[in-house]
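Right, one structure below, let's go through it.
Worth saying up front: this structure is predicted, and the values here are computed from it rather than measured. A, B, ... follow the sequence lines: proteins, then strands. Residue 1 opens every chain.
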Amino acid sequence: MPAKPKHDLRPPPDLEPAPGVDNARIAQTMQDIAAMLEFQGDNRFKIQSYRRAADTLLNMPEDIRAPWREGRLEALPNVGEAIAAKIDELLRTGSLGFYERLRAAVPPGLLELTAIPDIGPKTALMLHANLGINSVAELEQALADGRVATVPGFGPKSVQKLREGLAAAQKHSSDQRMLLAVARPLIRGLVDQLRESGLPIDQIEIAGSIRRGRSTIGDGDILCTSPAPLRVIERFIGLPQVGQVVGHGDHKATVRLRNGLQVDLMVLPPEHFGSLLHHFTGSREHNIQMRDRALSQGLKLNEYGFVHADGSQVPCATEEAVFAMLGLPWIAPELREGVGEIEAAAAGRLPALITVSDMRGDLHNHSKWSDGTATIEQMARAARDRGYAYMAITDHSQSLTIAHGLTVEQIREQAAEVAEVNRLLTPFRVLHGVELEIKTDGTLDYPDGVLASLDIVIASVHQGLRHEGERVTARVLDACRNPHVDIIAHPTGQILGSRDPSALDVDAMIATARTTGTVLEINASPERLDLNEVYTRRAVDAGVLLSIDTDSHHPDGFVNIEYGITVARRGWASAANVLNTWPLDRLLAWLQARG
DNA sequence: GCCGTTTTCGGCCCGACTGTTTTCAGTCG
């Protein structure tokens with residue numbers, strides 16, 4: 001165990017953390033501190049420390065308030081005495097004196113300038129010192145009237161790059177991310193064009209956050225091996241989807257597609273493929289930890305392979321070879337976030353991650369009876385054609401009028417149609433269920449007697465998602481405690497890119513689900529992916545069962561299961577953690593026992 | 001500011017690309 005000094009920052013047991021101070025908020029503060037220290041020309045390793053601490057906070061599998069309460073902030077990776085004290089101050093008071101003093105010292109508009117491509121702290125400071133520029137608007141003005149060209153070191157090409165960077169930043173706000181389900185097909189299209197180009201391409205793969213399966217994507221990475229890198233680069237930057245060539249060299253090109261997505265291509269000779277793939281799959285924190293491990297074994301690691309102390313080089317043609325060199329088994333890309341996967345690999349304790357082929361059915365789907373577009377039979381046949389043994393029809397309940405929720409009478413009628421489809425398709429099984437509204441007053445949308453007559457009940461919140469945390473949490477916990485409720489669907493209600501998660505206390509829901517035996521859904525719709533990977537891992541750690549469902553409204557929807565599986569894998573889930581990997585008879589017995 | 005299978009000091013991941021500063025700093029991933 002690490003033997004770093006411990007200082008007891010444990011808060012008094014009755015001290016409530018400041019509201020709104022969570023992992024993301026503290027991480028943002030740390031990133032802002034790093035940026036402001038950069039402006040002050042502070043030690044770059046100190047700056048890096050704040051950035052690494054921010055990464056830790058964003059990727060760690062638990063809520064920061066847990067280690068805070070237990071006095072073990074300093075046990076977190078990249079958190080030492082000084083940063084632990086700052087986290088503690090933020091949690092106790094909701095603010096941080098050190099941060100406020102920096103804010104007062106750094107001109108406020110400079111941070112926003114660094115959001116523009118090719119503007120870092122040095123460039124922003126030059127613009128500020130020479131032209132008094134304090135904001136993006138002032139930069140725009142200075143570019144328009146030609147003053148930027150008068151600053152020493154700013155030649156015509158630099159000015160042009162600033163113009164393009166500013167235009168790109170205004171067109172596509174830099175924090176705007178694209179859904180995995182949108183970005184991945186785009187990048188696959190580019191890969192296919194290169195593969196079919198007739199150029200001598202040895203291997204070509206998508207890397208980066210797309211390969212790791214992040215739910216949203218900031219940019220794309222393609223890498224390939226070829227004996228003729230320059231020809232591949234030239235073909236790439238000439239592809240029709242390319243809107244702007246940001247840069248290109250002997251082994252690397254960066255372009256911006258017409259829709260704004262930035263894509264990097266790296267090309268190396270074939271013997272480097274494994275090293276290259278590992279390097280550009282990342283994440284940054286995973287790579288840093290891998291290089292730390294290499295250094296501790298007297299090796300240097302880069303995208304070309306390993307370098308021994310005597311300078312001799314060891315290229316790796318496969319990723320397995322990269323990991324093996326460090327005494328590790330291959331680690332799945334979804335786990336490579338620097339959150340304990342290297343330690344787990346070294347100890348032989350990597351989970352056997354769930355795969356799409358583990359799934360035996362889909363438990364959350366809609367038909368024409370509510371807001372779906374297909375009949376129950378069409379949905380069932382599509383599920384059966386996927387090789388599933390069962391599916392559930394779970395149309396909306398009556399309160400969700402916008403989705404044509406079913407009255408008690410209608411859902412009773414629906415039972416007959418389900419029975420008829422089951423007669424047609426046996427041994428495939430359609431479970432008759434409902435997506436039951438958890439109403440704004442906290443009650444459920446059907447009486448218990450109706451719920452008892454259904455095969456499966458999934459409960460969810462669609463209305464009052466903006467209720468304050470205590471209220472929305474109480475509604476969900478009450479639903480968990482109803483013995484007829486089997487699954488809580490899309491618990492936080494988030495819509496990626498457009499609707500923030502509700503204020504639901506997810507940890508409280510996980511704790512309650514653990515005692516009530518309620519299953520938590522990973523909704524596989526690409527825009528939901530709710531639970532997310534962080535809460536999935538907490539649920540897995542707590543021993544709470546998951547259900548991965550597509551929430552399909554038409555027969556084509558089942559293919560989205562891959563996105564739910566990706567979230568589950570990023571949450572370290574195995575098939576054993578997931579209800580709908582079970583065979584039908586085991587599932588039925590479990591549902592029967594719940595009543 | 002963090003960290004330790006060369007441990008409490010002296011390191012810190014590593015390289016590509018760009019523009020312009022003719023030898024390298026800035027930015028990015």
Side-chain angles (χ1 to χ4, degrees), chain A residues 1-5 30 33-35 37-38 41-56 73-87 98 113-127 149 151-162 164-165 174 207-209 218-221 223 229 233 245-255 262-268 272 275-276 278-307 309 326-327 338 346:
Chain A
M1 292 304 290
K4 42 181 178 176
M30 295 297 151
I33 287 172
L37 290 175
E38 223 164 17
D42 211 321
N43 180 300
R44 65 191 174 100
F45 298 111
K46 186 202 282 191
I47 293 162
Q48 176 183 268
S49 294
Y50 281 100
R51 296 231 158 91
R52 292 188 67 172
D55 274 357
T56 295
L73 285 176
E74 282 187 61
L76 296 172
N78 305 317
V79 175
E81 183 180 351
I83 290 182
K86 291 181 173 71
I87 295 173
F98 179 70
L113 283 181
T114 60
I116 297 170
D118 298 314
I119 297 187
K122 295 292 195 293
T123 306
L125 275 177
M126 279 294 282
L127 293 168
V151 178
F154 284 76
K157 287 194 173 176
S158 297
V159 172
Q160 185 55 29
K161 275 183 81 166
L162 283 190
E164 287 170 5
S174 61
S209 53
D219 60 12
D221 296 280
L223 49 89
I233 297 272
V245 179
V246 179
H248 64 102
D250 292 346
H251 297 291
K252 182 176 171 185
T254 300
V255 302
Q262 182 169 309
V263 185
D264 290 340
L265 171 72
M266 271 69 58
V267 194
L268 285 183
H272 299 291
S275 317
L276 186 66
H278 175 263
H279 177 88
F280 285 104
T281 297
S283 65
R284 183 183 58 180
E285 186 59 31
H286 171 87
N287 283 357
I288 289 173
Q289 292 180 13
M290 285 287 282
R291 286 172 182 147
D292 278 350
R293 188 176 173 90
L295 285 173
S296 75
Q297 299 180 14
L299 294 165
K300 198 172 76 168
L301 173 60
N302 60 30
E303 62 261 53
Y304 299 97
F306 291 93
V307 184
L326 297 179

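- Separating the C1' atom of B/dT18 from that of B/dT23 is a span of 15 Å, rounded to the nearest Å.
- Considering only side-chain atoms of A/Ser49, the nucleotide from B/dC2, B/dC28, B/dC14 that sits closest is B/dC2.
- At a threshold of 4.0 angstrom between heavy atoms, the contacts of A/Ile47 with the nucleic acid are absent.
- If you check B/dG29, B/dA16, B/dT27 against the side chain of A/Asp264, the one that comes closest is B/dG29.
- Comparing B/dC3, B/dG1, B/dG29 by their closest approach to the side chain of A/Asn78 singles out B/dC3.
- In terms of position along DNA chain B, the nucleotide closest to A/Phe45 lies nearer the 5' end than the nucleotide closest to the other residue of the pair A/Pro152 and A/Phe45.
- To the nearest whole angstrom, the two P atoms, one in B/dT21 and one in B/dA25, are 14 Å apart.
- Ring geometry for A/Phe98 versus A/Tyr50: interplanar angle under 30°, hence parallel rather than tilted (30 to 60°).
- The CG atom of A/Asp118 sits 18 Å away from the P atom of B/dA16 (whole-angstrom rounding).
- In this model, the phosphate group of B/dG29 is approached by a side-chain N or O of A/Gln262 to a distance below 4.0 Å at OP1 or OP2.
- Among the protein residues, A/Leu299 comes within range of no part of the nucleic acid, since none of its heavy atoms lies under 4.0 Å from any strand.
- Per the geometry, CD belonging to A/Gln48 stands 11 Å off C1' belonging to B/dC14, to the nearest Å.
- Distances from the side chain of A/Glu303 to the nucleotides B/dA16, B/dG29, B/dG26 place B/dA16 closest.
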Between the protein and nucleotides 17-20 of chain B, list every N/O to N/O distance that falls short of 3.5 Å.
{"residue": "B/dC17", "atom": "OP1", "partner": "A/Asp250", "partner atom": "N", "Å": "3.2"}
{"residue": "B/dC17", "atom": "OP1", "partner": "A/His251", "partner atom": "N", "Å": "3.0"}
{"residue": "B/dC17", "atom": "OP1", "partner": "A/Lys252", "partner atom": "N", "Å": "2.9"}
{"residue": "B/dT18", "atom": "OP1", "partner": "A/His248", "partner atom": "N", "Å": "2.7"}
{"residue": "B/dT18", "atom": "OP1", "partner": "A/His248", "partner atom": "O", "Å": "3.0"}
{"residue": "B/dT18", "atom": "OP2", "partner": "A/His248", "partner atom": "O", "Å": "3.1"}
{"residue": "B/dG19", "atom": "O3'", "partner": "A/Ser158", "partner atom": "OG", "Å": "3.1"}
{"residue": "B/dT20", "atom": "OP1", "partner": "A/Gly155", "partner atom": "N", "Å": "2.5"}
{"residue": "B/dT20", "atom": "OP1", "partner": "A/Gly155", "partner atom": "O", "Å": "3.3"}
{"residue": "B/dT20", "atom": "OP1", "partner": "A/Ser158", "partner atom": "OG", "Å": "3.2"}

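- A/Arg44 comes within contact range of no nucleotide atom at all, as no heavy-atom separation falls under 4.0 Å.
- The separation between A/Leu295 atom CG and B/dC3 atom P is 16 Å, rounded to whole Å.
- Closest-nucleotide positions on DNA chain B for A/Tyr304 and A/Gly298 were compared, and the one nearer the 5' end corresponds to A/Gly298.
- B/dG10 atom P lies 19 Å from atom NZ of A/Lys46, rounded to whole Å.
- Between A/Leu299 and A/Leu326, the closest side-chain pair of non-hydrogen atoms falls below 4.5 Å.
- With sequence neighbours excluded, the residues satisfying side-chain hydrogen bond (donor to acceptor under 3.5 Å, both in side chains) with A/Asp55 are A/Arg284.
- For the P atoms, the distance from B/dG1 to B/dT5 is 23 Å, rounded to whole Å.
- Listed by first then second residue, pairs satisfying salt bridge (charged side-chain N to carboxylate O under 4.0 Å, His left out) with a partner in residues 42-51 of chain A read A/Glu38-A/Arg51, A/Asp42-A/Lys46, not counting sequence neighbours.
- Remark: the separation of the C1' atoms in B/dC9 and B/dG15 is 28 Å, to the nearest Å.
- On the C1' atoms, B/dC12 is 24 Å away from B/dC17, given to the nearest whole Å.
- Using atom C1' as the reference point in both B/dG26 and B/dT20, the two lie 12 Å apart (nearest Å).
- Summarising the geometry, the separation between OH on A/Tyr50 and P on B/dC12 is reported as 21 Å, rounded to the nearest angstrom.
- When the salt bridge (Lys or Arg N to Asp or Glu O under 4.0 Å) test is applied to A/Lys86, no partner is found at least two apart in sequence or on another chain.
- Taking atom C1' on both nucleotides, B/dG11 is separated from B/dA16 by 25 Å, rounded to a whole Å.
- Residues passing the side-chain hydrogen bond (donor to acceptor under 3.5 Å, both in side chains) test with A/Thr281 are A/Arg211, sequence neighbours excluded.
- Listed by chain and residue number, A/His278, A/Glu341 satisfy the side-chain hydrogen bond (donor to acceptor under 3.5 Å, both in side chains) test with A/His286 (two or more places apart in sequence, or in another chain).
- Look at CG on A/Leu276: it is 12 Å from C1' on B/dA16, rounded to the nearest Å.
- If you take atom C1' in B/dC14 and the same atom in B/dT8, they sit 27 Å apart, rounded to whole Å.
- The partner of B/dC14 is B/dG29, judged by Watson-Crick or G-U wobble contacts that both fall below 3.5 Å.
- Closest to the A/Asp221 side chain, of the nucleotides B/dT27, B/dG29, B/dC2, is B/dG29.
- If you check every strand for non-hydrogen atoms under 4.0 Å, A/Thr123 touches sugar and phosphate atoms only.
- Rounded to whole Å, the distance from CG on A/Leu162 to P on B/dT27 is 11 Å.
- The nearest whole Å value for the distance from the CZ atom in A/Arg284 to the P atom in B/dC12 is 18 Å.
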